[in-house]
Chemist: 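Attaching a single structure in structure tokens format; questions to follow.
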Amino acid sequence: MTNATRALFVLFGGTGDLAVRKLYPSIFNLYKKGLLDTKFALLGLARKPLSNEEFREVVKNSVEKHAESQEQAEEFASHFYFEVHDVTKAEDYEKLRNNCNELDEKYDLNGNRVFYVSMAPRFFGMVANDLKKQRVLSENGGFNRLVIEKPFGKDYESAEELNNSLNAAFDEDQIFRIDHYLGKEMVQDIPVIRFSNPMINAVWNHNYIENIQVTLSESLGVEERAGYYDTAGALRDMIQNHTMQIVSLLAMDEPQSFVDQNIRTEKVKVLQSLNFYDENGAKENFVRGQYGESSDSKAYRDEDGVPEDSINNTYVAGKLTFNTPRWGNTPFYIRSGKKLADKFTRVDVVFKQPVVDIFSNSGLESGITNNVLTIYIDPRGGVSFKMNVKDAGQGFHTEKVDLSYLENDARAEVVPEPYERLFHDILKGDVTNFASWQEVAAAWKFVDPVQKLWDTTKPDFPNYTPGTMGPKAADDLLARDGHKWVYPEDK
Ligand code: BG6
């Protein structure tokens with residue numbers, strides 16, 4: 001085990017929902033696997049006072065179901081400490097500095113510090129600056145890494161402002177912008193599927209690909225998050241970040257080598273080659289939706305905390321094109337929404353039909369269909385390829401067969417949770433699976449005109465029924481190009 005995996009975690013929002021539900025179990029799993037040195041400590045910060053013992057109870061409860069024994073959970077929780085902290089009070093940082101130094105010494109942590117900010121986004125910049133100004137960062141050669149949860153701004157301008165304030169205290173390679181989709185097994189599989197299979201790599205361009213579809217579908221509604229969601233909407237909540245990240249992995253050119261900086265270079269390059277829309281482009285290429293009611297489900301406007309005249313989007317579909325030799329006119333269609341037919345994420349790559357169909361040219365009713373490569377991201381990972389073969393029998397027809405691989409239970413069980421993987425990357429200092437500033441910036445620049453258009457025009461909402469795949473206009477968006485969504489037809 002190397003010294004690099006020893007660290008002090010300082011968690012702003014230490015008793016928050018994310019910490020308890022996701023972060024502590026993830027750190028625990030790393031600890032169990034020996035990927036986190038037994039020399040580690042975590043300092044949880046929150047405004048409401050708690051003793052170390054009470055905090056450890058919270059931690060124990062959160063990891064219990066992953067523990068092999070009560071003793072193991074207890075030993076793990078014994079590394080946790082709590083401090084009351086008000087991010088607006090200078091004197092609290094002094095206390096924080098002292099506590100960090102003490103824990104560093106106690107656990108022999110070599111000055112390695114991970115600052116994880118899981119709190120209201122308006123505090124991100126301020127916290128980063130105060131950590132530096134008040135000398136909470138270690139100064140003995142250990143690493144200081146800053147982890148920022150979403151949302152990273154609400155448009156390009158605010159994101160840039162936030163980034164500038166982070167940069168005043170941390171360098172880009174010390175900043176880890178979390179996008180938990182980048183921690184998903186099958187999202188990480190995209191480059192492997194593309195670049196380790198010459199047959200796939202060779203046809204990954206506009207000569208062979210008719211269109212690519214990315215769907216992030218959710219069956220739940222807004223739940224208890226109206227306060228946040230009604231100001232974000234699906235465009236900011238799911239498209240600007242998760243969807244654009246998936247698109248960049250699908251569209252990028254082959255990196256020179258599979259190391260973080262080279263991968264970032266290609267992702268940035270392709271995102272910057274998007275055809276950015278003006279207002280008219282946004283109008284033509286994006287569709288918004290909001291769910292209405294059904295017999296067993298409330299309309300968005302009737303959900304707790306949602307204004308009854310809300311024009312917030314709970315559904316987005318859009319068409320993207322890239323100005324690169326690889327992509328020519330091949331469209332990428334993206335969509336995401338709440339209260340849709342099912343909870344899943346998938347990518348459908350629709351290939352072109354043969355340039356010449358010698359079967360139908362010869363008067364045969366061959367019925368060739370487009371090859372489709374599907375990458376299943378959630379809930380179960382997998383890949384399928386639909387191709388044409390001759391059907392059995394006297395006539396001459398083709399039929400579609402499905403070569404498919406679906407992750408089995410045994411494999412699904414060993415797939416780490418996104419946050420577990422991301423924590424491990426943070427400890428290694430590997431930024432591959434985190435969004436760089438330039439990626440975030442390009443994604444905002446792309447969605448901003450859409451948001452602006454939607455903020456200034458009144459939609460006819462609600463326009464889709466819970467349990468469907470969104471408004472009809474989303475089907476029309478593809479039909480206009482002679483295309484259609486692969487899902488739900490080809491579930
Ligand atoms: C979050 C969004 O980033 O992703 C949520 O804020 C959404 O609104 C969630 O429900 C979906 O994540 P997953 O991993 O369940 O697909």
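Each ligand, and each atom within it, is numbered from 1 in the order the structure gives.
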Chemist: Taking the six-membered ring for Trp, is the centroid-to-centroid distance between F423 and Y116 below 6.0 Å?
Modeler: yes

Chemist: So which residues, sorted by chain and number, lie with a heavy atom under 4.0 Å of ligand 1?
Modeler: K150, H180, Y181, K184, E218, R225, D237, M238, H242, K338, K343

Chemist: Between the side chains of K452 and D455, is the shortest nitrogen-to-carboxylate-oxygen separation below 4.0 Å, so that they form an ion pair?
Modeler: no

Chemist: In chain order, what residues pass the side chain to side chain contact (heavy atoms under 4.5 Å, CB included) check against Q272, with sequence neighbours excluded?
Modeler: V268, Q438, A442

Chemist: If the condition is salt bridge (charged side-chain N to carboxylate O under 4.0 Å, His left out), which residues does R236 pass it with, not counting sequence neighbours?
Modeler: none

Chemist: For V222, which of K298, E303, K339 qualifies under side chain to side chain contact (heavy atoms under 4.5 Å, CB included)?
Modeler: E303

Chemist: Taking only residues two or more places apart in sequence, or in another chain, which ones meet Y181 in a side chain to side chain donor-acceptor pair (under 3.5 Å)?
Modeler: none

